[in-house]
Amino acid sequence: MRLTKLGHSCVRLEKDGAVLLIDPGIWSGDDPLTGASAVLITHEHIDHLDPARVHAALDADAGLELWTTASVAAQFSDFGGRVHAVGDGDAFSAAGFEIHVHGREHAPVHPDLPVVANVGFTVDGKIFHPGDAFTIPQEKVPTLLLPISAPWLKAVDMIEYARAVAPEISYAIHDEMLNANGIAIVGQIANGLARPGDGRYARLEPGTSVEI
């Protein structure tokens with residue numbers, strides 16, 4: 001499977017000629033949905049979902065399907081059976097990828113703000129995208145997509161979450177709010193606190209691909 005980091009929390013997974021896209025938000029770069037065979041969206045916030053762009057992609061490609069939370073699925077009800085509401089514990093196939101769903105809620109930002117639904121996706125048992133949550137998947141995964149900067153996140157949370165999931169490697173996501181200095185500091189913290197046996201931490205520049 002080939003993993004390509006796009007902007008912020010958007011990633012592209014490719015296998016056997018199929019393309020799975022996760023979280024095409026407003027900071028995902030130019031035309032992230034081009035060539036997508038299936039789309040997964042963890043929750044409704046615009047840094048993970050650009051509604052106009054997803055609507056246009058579904059309109060343009062009658063074979064494109066979307067899996068997401070019930071609240072997001074309701075925004076695309078015009079597309080009928082091509083849009084699927086999923087929740088914690090669900091499993092399904094999308095464009096040849098085997099997906100397991102984990103989690104229920106977005107990490108809290110503040111008591112005065114409502115908590116929205118959020119689901120994470122394990123793909124082919126190899127990689128886990130948690131969306132905006134500290135969900136620990138109910139299966140061992142070698143690759144974690146690790147949020148590194150958010151209004152709901154502190155460095156201690158990031159480190160302890162990665163330790164709890166215990167992947168072989170964590171790739172940084174949710175990083176568009178950091179400049180180069182902030183990205184460097186997060187890397188120093190993550191690598192400086194790594195213990196023997198902890199998985200590696202790395203960040204891919206947008207557009208960079210790796211095999212997993």
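Heads up: numbering here begins at 1 and tracks the sequence. Quantities reported herein were computed from a predicted structural model and do not represent experimental measurements.
- Using the six-membered ring where Trp is involved, F121 and F92 have ring planes that are perpendicular, over 60° apart on the 30 and 60° scheme.
- Under the 3.5 Å distance criterion, the side-chain polar atoms of K15 are matched with a main-chain donor or acceptor of G96.
- Atoms NE2 and CG, on H84 and D90 in that order, are 12.0 Å from each other to the nearest 0.5 Å.
- Between atom CG of residue N191 and atom CG of residue D198 there is a gap of 11.0 Å, rounded to the nearest 0.5 Å.
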**OP:** Report the C-alpha distance between L153 and F134 in whole Å, list the side-chain angles of each, state the deciding distance to 0.1 Å, and finish with yes or no for side-chain contact (heavy atoms from CB on, under 4.5 Å).
**Re:** CA-CA 9 Å; L153 182 153; F134 298 118; 4.3 Å; yes
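- Proximity of D132 to H106: side-chain heavy atoms (C-beta onward) are separated by under 4.5 Å at one or more points.
- Closest of all the heavy-atom pairs between T69 and T42 is CG2-O, 3.4 Å.
- Residues V115 and V119 do not share a hydrophobic cluster, defined by chaining ILVMFWY side chains whose heavy atoms lie under 4.5 Å apart.
- Using a distance-only test at 3.5 Å, with no hydrogens or angles considered, no donor-acceptor pair links the side chain of D88 to the main chain of E105.
- Between Y201 and I148, the closest side-chain pair of non-hydrogen atoms falls below 4.5 Å.
- By the 4.5 Å heavy-atom criterion applied to side chains, V54 and Q75 are not counted as neighbours.
- The side-chain contact (heavy atoms from CB on, under 4.5 Å) with L13 is formed by just one residue from the set L3, L21, T4; it is L3.
- Between W27 and M177, some side-chain heavy-atom pair lies under the 4.5 Å cut-off.
- Inter-residue side-chain proximity for P24 and D50 is flagged as unmet; no heavy-atom pair is nearer than 4.5 Å.
- For the pair Y161 (side chain) and I136 (backbone), a donor-acceptor distance under 3.5 Å is absent.
- Residue H43 comes nearest to A117 through the heavy atom pair CB-O, 3.2 Å, listed as atom of the first residue, atom of the second, then distance.
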**OP:** With side-chain contact (heavy atoms from CB on, under 4.5 Å) as the test, would you mind laying out the steps for D124 and E98 before giving the verdict?
**Re:** CA-CA 5 Å; D124 282 354; E98 296 302 317; 3.6 Å; yes
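- The CD1 atom of I41 sits 4.5 Å away from atom CG of L49, with the distance rounded to the nearest 0.5 Å.
- Nearest heavy-atom pair across V186 and L178 is CG2-CD1, 3.9 Å.
- Proximity of a side-chain donor or acceptor of R82 to a complementary backbone N or O of L64 within less than 3.5 Å is detected.
- Closest heavy-atom contact between P32 and L6: CB-CD1, 3.8 Å.
- Partners of H102 under the ring pair (Phe, Tyr, Trp, His ring centres under 6.0 Å) rule, at least two apart in sequence or in another chain, are F128.
- Between the side chain of D59 and the backbone N or O of H55 there is no donor-acceptor pair closer than 3.5 Å.
- Within a 6.0 Å sphere centred on CG of D30, heavy atoms belonging to other residues, nucleotides or ligands number 12 at most.
- In this structure a side-chain-to-backbone donor-acceptor pair under 3.5 Å is present from K140 to A166.
- The shortest side-chain heavy-atom distance between S37 and V19 falls under the 4.5 Å cut-off.
- Annotation for L20 and A94: closest pair CD1-CB, 4.5 Å, computed over non-hydrogen atoms.
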**OP:** Check the pair R163, R195 against side-chain contact (heavy atoms from CB on, under 4.5 Å), reporting the backbone distance first and the verdict last.
**Re:** CA-CA 9 Å; R163 288 177 174 178; R195 306 168 304 182; 3.4 Å; yes
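- Linking ILVMFWY residues whenever their side-chain heavy atoms come closer than 4.5 Å, directly or via other members, leaves V39 and I99 in distinct clusters.
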**OP:** Could you give me the CA-CA distance, side-chain angles and deciding distance for L145 and I127, then say whether side-chain contact (heavy atoms from CB on, under 4.5 Å) is met?
**Re:** CA-CA 7 Å; L145 298 176; I127 186 168; 3.9 Å; yes
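- Within 6.0 Å of CZ on R2 lie more than 12 heavy atoms contributed by other residues, nucleotides or ligands.
- With values rounded to the nearest 0.5 angstrom, I189 atom CD1 is found 6.0 Å from M158 atom CE.
- Side-chain contact check for H100 versus P137: every heavy-atom pair is 4.5 Å or farther apart.
- Between the CE atom in M1 and the CG atom in D16 there is a gap of 9.5 Å [rounded to 0.5 Å].
- Once rounded to the nearest 0.5 Å, the distance linking CG of D47 with CD1 of I26 reads 6.5 Å.
- S9 approaches D23 most closely through the heavy-atom pair O-CB, 3.7 Å.
- There is no path of hydrophobic side-chain contacts, each under 4.5 Å, that joins L33 to V11.
- Residues I169 and V141 do not share a hydrophobic cluster, defined by chaining ILVMFWY side chains whose heavy atoms lie under 4.5 Å apart.
- Placement of I212 and L146 in two distinct hydrophobic clusters is found when ILVMFWY residues are connected by side-chain heavy-atom separations under 4.5 Å, directly or transitively.
- Ring-plane geometry between H8 and H48 is classed as perpendicular, the angle between the planes exceeding 60 degrees on a 0 to 90 degree scale with a lower cut at 30.
- Residue W152 forms a ring-ring contact (aromatic ring centres under 6.0 Å, His included) with just one option from H174, H110, H45, and that option is H174.
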